[in-house]
Amino acid sequence: MQIIAALQGLVTTESLNIEPTRAELDAIEHEMPLIRAEVELLDAQIMTIDRPANELDTRRVRRARRRVLAARRALANTAADEVA
């Protein structure tokens, strides 16, 4: 019989640094329009999973895709402006 032992020390709440830094929170806030647009797209796609998509569903998904693309473009443009 082999003895099985932990290879690492115990993980405690004190050893975990689970709070995000201010820079991480700022980055999330900066990307929030894109995150919201992606959630809207996902919601629109989920609504059409279990049934055939009618014209309203198709428009909803198309608009959501355009919002995602616009948010990505805006985010890329702000990133390019910060670099320049």
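By convention here, the first residue in the shown sequence is residue 1.
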> Taking salt bridge (charged side-chain N to carboxylate O under 4.0 Å, His left out) as the definition, give me every residue that meets it alongside E31, ordered by chain and number, with sequence neighbours left out.
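E31: no salt bridge (charged side-chain N to carboxylate O under 4.0 Å, His left out) contacts found.
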> Taking the side chain as everything from C-beta on, heavy atoms only, tell me whether D43 gets closer than 4.5 Å to E40.
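D43 does not reach E40 side chain to side chain.
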> Mind checking the CD1-CD spacing from I28 to E24? Nearest 0.5 Å is all I need.
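So the gap between those two atoms works out to 7.0 Å.
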> To the nearest 0.5 Å, tell me how far I35 CD1 sits from H30 NE2.
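It is 11.0 Å, given to the nearest 0.5 Å.
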> Can you tell if the side chain of R65 reaches within under 4.5 Å of the side chain of Q45, non-hydrogen atoms only?
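Sidechains of Q45 and R65: in contact.
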> Report the residues that fulfil salt bridge (charged side-chain N to carboxylate O under 4.0 Å, His left out) with R73, sequence neighbours left out, ordered by chain and then residue number.
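Once residues adjacent in sequence are excluded, R73 has no partner under the salt bridge (charged side-chain N to carboxylate O under 4.0 Å, His left out) criterion.
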> List in chain and number order the residues that pass side chain to side chain contact (heavy atoms under 4.5 Å, CB included) with R66, two or more places apart in sequence or in another chain; answer none if no residue qualifies.
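If we apply the side chain to side chain contact (heavy atoms under 4.5 Å, CB included) test to R66, skipping adjacent residues, the hits are R62, R63.
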> Output all residues satisfying side chain to side chain contact (heavy atoms under 4.5 Å, CB included) with D57, sequence neighbours left out; order by chain, then residue number.
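D57 satisfies side chain to side chain contact (heavy atoms under 4.5 Å, CB included) with T48, R51, A53, N54, R60 only.
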> Output all residues satisfying salt bridge (charged side-chain N to carboxylate O under 4.0 Å, His left out) with R59, sequence neighbours left out; order by chain, then residue number.
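Salt bridge (charged side-chain N to carboxylate O under 4.0 Å, His left out) list for R59, sorted by chain: E55.
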> Can you list the other members of the hydrophobic cluster that holds V61, where links are side-chain heavy atoms under 4.5 angstrom apart?
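In the cluster with V61 are L34, L41, V68, L75.
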> Flag the pair L25 / E29 as yes when at least one side-chain heavy-atom distance between them is below 4.5 Å, and no otherwise.
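No. Closest side-chain heavy atoms not under 4.5 Å.
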> Under 4.5 Å side-chain heavy-atom separation, chaining through any Ile, Leu, Val, Met, Phe, Trp or Tyr, what else clusters with I49? Say none if it is isolated.
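Besides I49, the hydrophobic cluster comprises L42, I46, listed by chain and residue number.
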